Amino acid sequence: MTSMRRAFGCRQVRCFATKTLQEMWAAGASVTEVAEESCARAAAADRNEWIHLIPKNQVLERAEMLEKRAASMSQEQRQQELPLLGTTFAVKDNLMVKDVPSTNAMDLRPPRRAPIAHESAAVVEKLQDHGALVIGKTNLDCAATGLVGVRSPYGACQNSFDREFLSGGSSSGSGVAVALGQVSFSLGTDTAGSGRVPAALNNIVGLKASRGLLSTHGLLPACKSLDCVSIFSLTVLEAQRIMEVAAKASGADPWDRPAKDLAQGPRLPPSGPVNFRFGIPSRPFVDFNSFGSAAQARAQQYAEAWERSVEAVKAIGGTCVEVDYSPFQEAANLLYQGPWVAERLSALTNWLNADAEVVDATVRAIAEHGQEWSAQQCFEAMYRLQQLRLEARQALHESQAQLLLTPTVGATYAIQDVLADPIALNTNLGRYTNHMNLLDLCGIAVPTTFAGPTLPFGVTLSAFAGNDAFLCDVARRLHGAAELKVGAMESSVHDVEKAVEVSNGKYYGPLPSDVESFEVAVCGAHMEGLALSWQLTERGGRFVRTAKTAPRYRLVAFDGMKPPRPGLVDASNGAAIELEIWELPAAAFGSFMKLVASPLGIGWIELDDGSRVQGFRQVDVGANSHGVVGVGGDPPPDITEYGSWRNFLK
C-alpha cells in the first residue's frame, strides 16, 4: 500500500464532491480524508435520510487508528484482513451500533430518550473489524413496517432524483445515502422488500441474501422468522464483496443460517459468453395499469422499461421462459393478509403497552390486526405456505428456469399520494417483493433503465436459498451492460468497479469462508470459457487464478475425443504448462468426478512455486488420440511446445 497520506492531485478533499468515495480512495486519498468527506456529505444531507450522525471527531479518530493498523501491513495482508479499508457505511436505525442511540423510527424525540446500544449488531461489528467506518444511523419506516419511507417521525425520506416522490422503504435513508454518495455502502433490512424497493427507486443495487446468511443478531425485529439484513451499494461487485465479509458473522443468532448449511448454487464464468434460463411472470401478473390512479400517468413508461429489461437479460445470454407465478403471488398476499401480522404485533407489544404513541399510527393499525388471528389459523397458513413452496419450486423446475426475473416494483408514487392512501399504495409496492422470505428465496435488485426521463427502473433476480453468488454473477453482467450512472451521481458503473478493483484487485466472488471446498487444476477443456467449463460452474465452481506447472510435464492432445482435450504426462524432459486453478464445493466433488472421462483422472500436480494441487492428468497409459485404451491407433500428439491448451487451439 502507498503511504497512508496518499497523494491524489488536489489536496483539498472537497474537490472530490462530484466523485464517488470509491473513486476518491482509488485516486490516493487517505482513510481519514475519505472519512472526512463522507462525514461532510452526510452532514449536508437534506432529504431526511439520517436520524443520528456519529460525531465527526469520533469517526476521524477511528479512521486514524485504521491507518496506523494498515501501515504496518503488507499489501497482501491488508487485502486479507482489511478488505473494506477506505469505505464508509450507514446503518439502518433498527440495527445496533455500540454506544449509539437506536430508535427503530419510534417517536423518541425529546423529552423521550432513545436507548443506547451496549453492543453492535454482529454484521456491523464484522464490517468494522474489516476496515469499514460507520458514519451514522439512517431513517426508516417505523418498526421496519412499510415500503414507502414516509412512516417516520423524523420526516418522510425523499427520493434522490425527485423530492416529490418516494424513496422507498422501509430502509429509506440507507438507500438514499448510498445513491447520493454520502457513504460507500449501507446496511438495510428486508422482511417484505425493504432491501430492494429503495434500490429500485434510487438507481442502486440492493442485495437480500439467503435468509440467515447475514446474521440478525443485534437487529430489532419486525418478523423475526423472516427478517434479513440487506446491503445497498453502487455496484454488484461491491455488494458481493461486502456480503462475503458480513457472512462471516453468521451463527451469532438462533435464526442465522451459515453458508455451510446452504446448498451452493451454480456460477457463471467471470468473462466470456454465457447461457442461462430465466423465468418471468406470465402477462396477467405483469399489468402496470393495475397499480391505481396515482400511478396511471407512469404505467406505460413502466411497461416499456420492463420490456427493455427483459431484452437486456436476453442480450447477456439469458433464455426467457414464462413461469406460473400464481404460487409466488399467493405467498406474497399471505404476509399482510395472514397471521404473520401477528408476528409484527409480537415485536411491538412492549412498546404498545408502555407508550403506544411512539409507534406510527399506520404501523400501529397494521400490527393491531394481528389480534384477529387464532393459533389454528396460524397453523393452517403455515400448511398452505409449505404447499406454495413446493408449487413455486415446481414452477421453476418445469420451465427449467435457473432464476426468476420480476420488476422490483410495478409503480412509484408521489409522497403526498401515499400520505393520502397509506396502506393500499404501500401494498402495491410489495406485489413483487412480499413473497421472497416466505418462500425462502434470495434476491438482488439491480438497475436496468429509466421509466421516463427522471425516475429509475430496476428488476429483481431471485432464486432459492444458496444461489446468492449465481444471482450476483448474472446481476453484475446485467448492470454493466445497462451503461447507467450509479445512484444519483455522475460516475458510471464501470468507473466505480474500476476504482474498487484498483484498490482491491480483481474479485471473482469466492465461496463463503465456511463452505468446505477444494482447489482443482484444469489445463484443457475445463478452462474458463472452453467447452467443459460448465461442468465446474454448474456445480458452484469459480475461477481463482492462472498458474503454471513445474517443468516436469508433457502436454498431449486427445484431439479425437468429443470435445477434444489434453492430458498432462510426467516426463524427465518436461516443461512448464499453463493451467487454471478453480475452487469447487466439496459437496460437488462426487458428481464432478463422474464426468471425468478416461484416459484422464484427478491426481497431484506440482506447480512452479513448489506447491501441489489436485488436477487433471493422464492416468491410463497407452491411450490413442481418441482416448481409447488397448485398441491401437495413432498416439495422442505431443503439443508441449505450445505451452498451453489455449495456445494450441489458436
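Keep in mind that what you see is a predicted model, and the values were worked out from it rather than measured. Numbers here are sequence positions counted from 1.
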How long is the gap from SG on Cys223 to CZ on Arg344, to the nearest 0.5 Å?
4.0 Å

Set out, in order, the CA-CA distance, both residues' side-chain angles and the distance that settles side chain to side chain contact (heavy atoms under 4.5 Å, CB included) for Glu357 and Asp107, then state yes or no.
CA-CA 8 Å; Glu357 294 303 312; Asp107 190 354; over 6 Å; no

Hey, is the main chain of Gln400 close enough, under 3.5 Å, to the side chain of Arg277 for a donor-acceptor pair?
yes

Pair Asp141, Val363 - check side chain to side chain contact (heavy atoms under 4.5 Å, CB included), show working.
CA-CA 9 Å; Asp141 284 310; Val363 172; 5.8 Å; no

Please tell me if the side chains of Ser167 and Pro198 come closer than 4.5 Å, counting only heavy atoms from C-beta onward.
no

Side chain of Asn104, backbone of Met106: donor and acceptor closer than 3.5 Å?
no

Could you check whether any side-chain heavy atom of Val474 comes within less than 4.5 Å of a side-chain heavy atom of Leu471, counting everything from C-beta outward?
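Contact flag for Val474/Leu471 side chains = no.
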
Does the pair Leu405 and Thr460 meet the rule for a side chain to side chain contact (heavy atoms under 4.5 Å, CB included), with working shown?
CA-CA 6 Å; Leu405 181 80; Thr460 291; over 6 Å; no

From CG (Leu584) to CZ (Arg267), nearest 0.5 Å
11.5 Å

Student check: side-chain heavy atoms of Leu213 and Met243 closer than 4.5 Å:
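Touching, per the 4.5 Å side-chain cut-off.
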
Taking all heavy atoms of Ser215 and all of Ala249, pick out the closest pair and write down the distance.
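For Ser215 versus Ala249, the nearest heavy atoms are CB-O, 3.6 Å.
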
Within the distance-only criterion (no hydrogens, no angle test), does the side chain of Gln377 pair as donor or acceptor with the backbone N or O of Ser374 below 3.5 angstrom?
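Confirmed, Gln377 side chain pairs with Ser374 backbone.
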
Counting neighbours of CD on Gln58 that are heavy atoms of other residues, nucleotides or ligands and sit closer than 6.0 Å, is the number greater than 12?
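Above 12, so yes.
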
If you measure from NE2 on His397 to CD on Gln402, what distance do you get to the nearest 0.5 Å?
12.5 Å

Could you report the tightest heavy-atom contact between Met96 and Val124, atom names first, then the distance?
O-CG2, 3.9 Å

Has Thr138 got a side-chain atom pairing as donor or acceptor with Ala90's backbone, closer than 3.5 angstrom?
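No; zero donor-acceptor contacts below 3.5 Å.
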
Which heavy atom in Cys472 sits nearest to a heavy atom in Leu207, and how many Å separate them?
SG-CD1, 4.2 Å

Measure the shortest side-chain to side-chain distance between Arg113 and Leu108 over non-hydrogen atoms and say whether it is less than 4.5 angstrom.
no

Quick check: do Gln22 and Glu238 have side-chain heavy atoms less than 4.5 Å from each other?
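Yes, at least one pair of side-chain atoms sits under 4.5 Å.
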
I need the Trp255 CH2 to Ser250 OG distance, nearest 0.5 Å.
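Going from CH2 on Trp255 over to OG on Ser250, the span is 13.5 Å.
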
How long is the gap from CG on Leu166 to CG on Leu429, to the nearest 0.5 Å?
6.5 Å

Contacts under 3.5 angstrom, residues 435-445 side chains, donor-acceptor by atom type, not counting sequence neighbours:
{"residue": "Asn437", "atom": "OD1", "partner": "Lys208", "partner atom": "NZ", "Å": "2.9"}
{"residue": "Asn437", "atom": "ND2", "partner": "Asp190", "partner atom": "O", "Å": "3.0"}
{"residue": "Asn437", "atom": "ND2", "partner": "Thr191", "partner atom": "O", "Å": "3.2"}
{"residue": "Asn437", "atom": "ND2", "partner": "Leu226", "partner atom": "O", "Å": "3.1"}
{"residue": "Asp440", "atom": "OD1", "partner": "Arg211", "partner atom": "NH2", "Å": "3.4"}
{"residue": "Asp440", "atom": "OD1", "partner": "Arg257", "partner atom": "NH2", "Å": "2.6"}
{"residue": "Asp440", "atom": "OD2", "partner": "Arg257", "partner atom": "NH1", "Å": "3.1"}

Considering all heavy atoms, the nearest Leu335-Ala192 contact
CD2-CB, 3.2 Å

Do Phe232 and Phe185 have their ring centres less than 6.0 Å from each other?
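They do not qualify: ring centres at least 6.0 Å apart.
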
Less than 4.5 Å apart, side chain to side chain, heavy atoms only: is that true for Val245 and Leu84?
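Of all side-chain heavy-atom pairs linking Leu84 with Val245, at least one is under 4.5 Å.
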
Look only at the side chain of Gln264 and the backbone of Pro585, and say whether a donor-acceptor pair between them is shorter than 3.5 Å.
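Pair absent, no side-chain N/O of Gln264 close to backbone of Pro585.
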
Tell me if a side-chain donor or acceptor on Arg151 pairs with a main-chain N or O of Thr145 at a distance below 3.5 Å.
yes

Which heavy-atom pair separates Tyr432 from Pro407 by the least distance, and what is that distance?
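Shortest heavy-atom contact: CB-O, 3.2 Å.
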
Out of the candidates Val91, Leu187, Asn94, only one should pair with Val229 under the side-chain contact (heavy atoms from CB on, under 4.5 Å) rule; please name it.
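The residue from Val91, Leu187, Asn94 that satisfies side-chain contact (heavy atoms from CB on, under 4.5 Å) with Val229 turns out to be Leu187.
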
Do the side chain of Asp256 and the main chain of Ala252 share a donor and acceptor less than 3.5 angstrom apart?
yes

Scan residues 388-400 for pairs that pass salt bridge (charged side-chain N to carboxylate O under 4.0 Å, His left out), counting only residues two or more places apart or in two chains.
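Counting only pairs at least two positions apart or across chains, the salt bridge (charged side-chain N to carboxylate O under 4.0 Å, His left out) contacts touching residues 388-400 are Arg384-Glu391.
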
For Phe285, ring-ring contact (aromatic ring centres under 6.0 Å, His included) partners two or more places apart
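Partners of Phe285 under the ring-ring contact (aromatic ring centres under 6.0 Å, His included) test: Tyr325.
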
Walk me through whether Gln240 and Glu244 qualify under side chain to side chain donor-acceptor pair (under 3.5 Å).
CA-CA 6 Å; Gln240 194 170 8; Glu244 180 194 352; over 6 Å; no

Compare every heavy atom of Leu133 with every heavy atom of Ala63, then report the nearest pair and how far apart it is.
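Distance-wise, the nearest heavy atoms are CB-CD1, 3.8 Å.
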
Derivation and outcome, side chain to side chain donor-acceptor pair (under 3.5 Å), residues Ser38 and Gln182
CA-CA 5 Å; Ser38 187; Gln182 296 166 10; over 6 Å; no

Measure from the side-chain N and O atoms of Ser186 to the backbone N and O of Ser174, and report whether any donor-acceptor pair falls under 3.5 Å.
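Looks like yes, one N/O pair under 3.5 Å.
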
Sub-3.5 Å donor-acceptor pair from the side chain of Thr88 to the main-chain atoms of Ile135, do we have one?
no

Do Asn203 and Val486 make a side-chain contact, defined as non-hydrogen atoms from C-beta onward lying under 4.5 Å apart?
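Counting from C-beta outward, Asn203 and Val486 never come under 4.5 Å.
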
About how many Å separate NZ of Lys248 and CG of Leu127, when rounded to the nearest 0.5 Å?
10.5 Å

For the pair Ser346 and Glu343, evaluate side chain to side chain donor-acceptor pair (under 3.5 Å) and give the outcome as yes or no after the intermediate values.
CA-CA 5 Å; Ser346 174; Glu343 191 172 15; over 6 Å; no

Considering the options Leu147, Leu334, Asn333, which one meets the side-chain contact (heavy atoms from CB on, under 4.5 Å) requirement together with Asn434?
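Single pass found, and it is Leu147.
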
Any chance you could lay out the side chain to side chain donor-acceptor pair (under 3.5 Å) test for Lys92 and Ser170, step after step, and finish with the verdict?
CA-CA 9 Å; Lys92 184 177 179 180; Ser170 62; 2.6 Å; yes

Checking side chain to side chain contact (heavy atoms under 4.5 Å, CB included) for the pair Glu49/Asn139: CA distance, chi angles, key distance, verdict?
CA-CA 5 Å; Glu49 51 263 64; Asn139 203 357; 5.7 Å; no

Cationic N near anionic O, under 4.0 Å, Arg542 to Glu583:
yes

Checking Asn202 side chain against Val176 main chain: does a donor-acceptor pair fall under 3.5 Å?
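Checking the backbone N and O of Val176 against the side chain of Asn202, no donor-acceptor pair under 3.5 Å is found.
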
